[in-house]
Amino acid sequence: MAAAFVGALTVFLAPDEWAGRLAFAISLVPFVGSLYLWSGFEAGGNALTGGDIAYTTQIEWLEVGGRSVSWFVGLDGISLPLFVLTTFLVPLAIVSAWTPIDSRQSQFYGLMLFMEANLLGVFTALDFFLWFVFWEAVLVPMYFLIGVWGGNDRKYAAIKFFVYTNAASLLMFIGFMSLVFALGDSVSSFALPEIAQAIAAGGLDTWFGIPPDRIAMVAFLAMFLGFAVKVPIVPFHTWLPDAHVQAPTPASVLLAGVLLKMGTYALLRFNFTMLPNQASALAIPIAAIAVISVIYGAILALGQSDLKRIVAYSSVSSMGYVILGLIAFTEYGVGGATFQMVAHGLISGLMFMAVGVIYNTTHTREVDEMAGMADRMPVTVGILVAGAFGYMGLPLMAGFAGEFFIFVGSLSAPALPYAPVFTALAMFGIVIVAGYLLSAMQSTLFGPFELDTDYEVGPAPFHDVAPLAVLLVAIIVLGVAPDIFFEMIRDAAVPVVEGVTIDG
């Protein structure tokens, strides 16, 4: 994290002609560090429910309202895979920027590293105020990346992104702080483990005449709505396609690959871990929202003509599977949801990157403006097709493993009424995904070559193709050997599952 902050400042001050290569070199430092942390990690329980927290650092910072705020960071089996995912995607996203980004390069790459630093903070912070600082700080570089280097409507998309997500953060903040105030003197800090354990021990008290159960439910709903915008799930998804279409390719890679996971990670960390009984009480509407997101997102993708919009709406659909896994409250459901966050981060990153490589050459993303790209860009197209099959859940790829775990966990979930019905409906989304991806690929990639622009089309440069190949290898490796991450995720999911009380 510190390396990314220092690296961001260094790149900001570097000449433009050095910025891209320097940023890539610096971004390898957090990646190597994450591999070191991963290699020494010993699987334990969930950090917020009394389990083991690895690599902790806690330094008192200040006092707010009689409660201490500290620099409290650490990793468990839920946050470590997302930490590694972030450090893995950032260097690849930086390399993918070498071709399209040709102005104000030091600022662009500095913002990329600054965003990485704050993303790592979101996944490691264990004090609410510290976590909230990182959470909000992530918005700033993404706003500028879209607003400065984006497409023709970049200002509109950047403002819409910032307003939506910032308003959602305010709602979430109010919900969480109502829990803190209702806990009263039973907590002495804003440390997330202490707050979670105080809630589990029945520490919530009447506050301004409002009974504890009602406070917990209102807080759950406020936080759920706030995080739902970040995920995003239907109907809070409308900012996402605009942001993706206008954002430069590297920003889209991180937006889909990591930023969306902030929302699902926070839902798991706050809502489903701290307030599991409230989640269980709302199981049916939450599962319905998940299934609607899966199917509606897929149907919207089916009607798009812009390749970026197709992949953007695919993300809405995929995040619906994550929500379904979380509300199942089973070992495989919660574990599969977390695994799917990582799998989707890799696959969506590959898809956006591949679309970006095609756009760099053709200067169009419209399905009806090109055909036969496989003849001119065989390697790029081959990797794109493989990534699309990963999105469809092809066995031995990461997407299949994540969806399989979720379906196994949700099919007989005791906390979810009508679990088989919700699971079957969600499975139907895979059929729609196959429909729109196969249709888009058939139109643009195969058949006689055709392009409505005057640009010459040929094989992409090595530095454009190399990140795609690396991502594809990672997707296959994680699909063939999911226990690389799933074992530690499952260990961390067990205490979350055990925290819910199932009525009846």
Side-chain angles (χ1 to χ4, degrees), residues 1-2 5 45-76 78-79 82-83 117-139 165-166 168-208 210 212 215-227 230 262-263 265-276 278 492 495-496 499:
M1 192 192 311
F5 276 122
N46 181 271
L48 299 185
T49 52
D52 296 331
I53 309 174
Y55 310 116
T56 56
T57 300
Q58 187 167 13
I59 303 171
E60 292 298 320
W61 182 9
L62 49 89
E63 187 173 297
V64 177
R67 297 175 179 87
S68 64
V69 176
S70 62
W71 176 276
F72 185 16
V73 294
L75 291 165
D76 67 355
I78 289 173
S79 56
L82 296 169
F83 187 93
N118 287 291
L119 285 168
L120 297 179
V122 168
F123 296 131
T124 57
L126 294 170
D127 179 280
F128 176 73
F129 263 87
L130 178 65
W131 177 87
F132 191 72
V133 168
F134 288 129
W135 176 270
E136 289 294 277
V138 168
L139 303 181
T165 52
N166 199 41
S169 295
L170 176 61
L171 186 61
M172 173 273 297
F173 183 86
I174 293 171
F176 184 83
M177 290 306 295
S178 67
L179 289 176
V180 174
F181 288 127
L183 286 170
D185 295 335
S186 62
V187 292
S188 60
S189 72
F190 287 94
L192 298 180
E194 181 184 359
I195 292 171
Q197 291 164 34
I199 295 172
L204 288 175
D205 201 355
T206 299
W207 183 51
F208 283 103
I210 306 173
I215 292 172
M217 182 57 74
V218 170
F220 181 94
L221 291 172
M223 292 191 295
F224 185 88
L225 292 174
F227 296 138
K230 180 73 77 173
M262 289 169 55
Y265 169 79
L267 279 172
L268 174 54
R269 197 60 112 189
F270 290 82
N271 289 72
F272 292 91
T273 299
M274 293 186 180
L275 300 169
Q278 283 67 35
V496 177

Kindly write out the residues that satisfy side chain to side chain contact (heavy atoms under 4.5 Å, CB included) with [X], not counting sequence neighbours, or none if the list is empty.
X: I174; result: L170
X: L139; result: E136, F161, F162, T165, N166, K230
X: F5; result: M1, F114, A117, N118, F134
X: A168; result: V229

Residues that [X] engages under ring-ring contact (aromatic ring centres under 6.0 Å, His included), provided they are two or more places apart:
X: F173; value: F128, F132
X: F270; value: W131, F176, F227
X: F181; value: W207
X: W61; value: none

Does this structure show an ion pair linking R269 with D76, if we count only N-O contacts that are shorter than 4.0 Å?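 Yes, R269 and D76 are salt-bridged.
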
Can you see which heavy atom on [X] is nearest to which on [Y], and at what distance?
X: V187; Y: I195; value: CG1-CA, 4.1 Å
X: I215; Y: S178; value: CG2-O, 4.0 Å
X: A492; Y: V496; value: O-CG2, 3.8 Å
X: M274; Y: A196; value: CG-CB, 3.9 Å
X: T56; Y: I53; value: CG2-CG2, 3.1 Å
X: M172; Y: M223; value: O-CG, 3.7 Å

Rounded at 0.5 Å granularity, tell me how far [atom1] in [X] sits from [atom2] in [Y].
X: D127; Y: W71; atom1: CG; atom2: CH2; answer: 10.5 Å
X: F129; Y: S70; atom1: CZ; atom2: OG; answer: 12.0 Å
X: R67; Y: L62; atom1: CZ; atom2: CG; answer: 14.0 Å
X: Q278; Y: L221; atom1: CD; atom2: CG; answer: 9.5 Å
X: L130; Y: F72; atom1: CG; atom2: CZ; answer: 10.5 Å

Step by step, would you call I210 with V218 a side-chain contact (heavy atoms from CB on, under 4.5 Å)? CA-CA 10 Å; I210 306 173; V218 170; over 6 Å; no

Side-chain donor or acceptor of N271 paired with backbone N/O of F220 under 3.5 Å: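 Looks like yes, one N/O pair under 3.5 Å.
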
Check: T124 side chain, L120 main-chain N or O, donor-acceptor pair, under 3.5 Å: yes

Residues two or more places apart in sequence or in another chain: which of them pass side-chain hydrogen bond (donor to acceptor under 3.5 Å, both in side chains) with S189? E194

Side chain to side chain, Q58 and L126, heavy atoms closer than 4.5 Å: no

Please tabulate, for the side chains in residues 199-206, all donor-acceptor contacts under 3.5 angstrom to protein atoms that are two or more places apart in sequence or on a different chain.
none

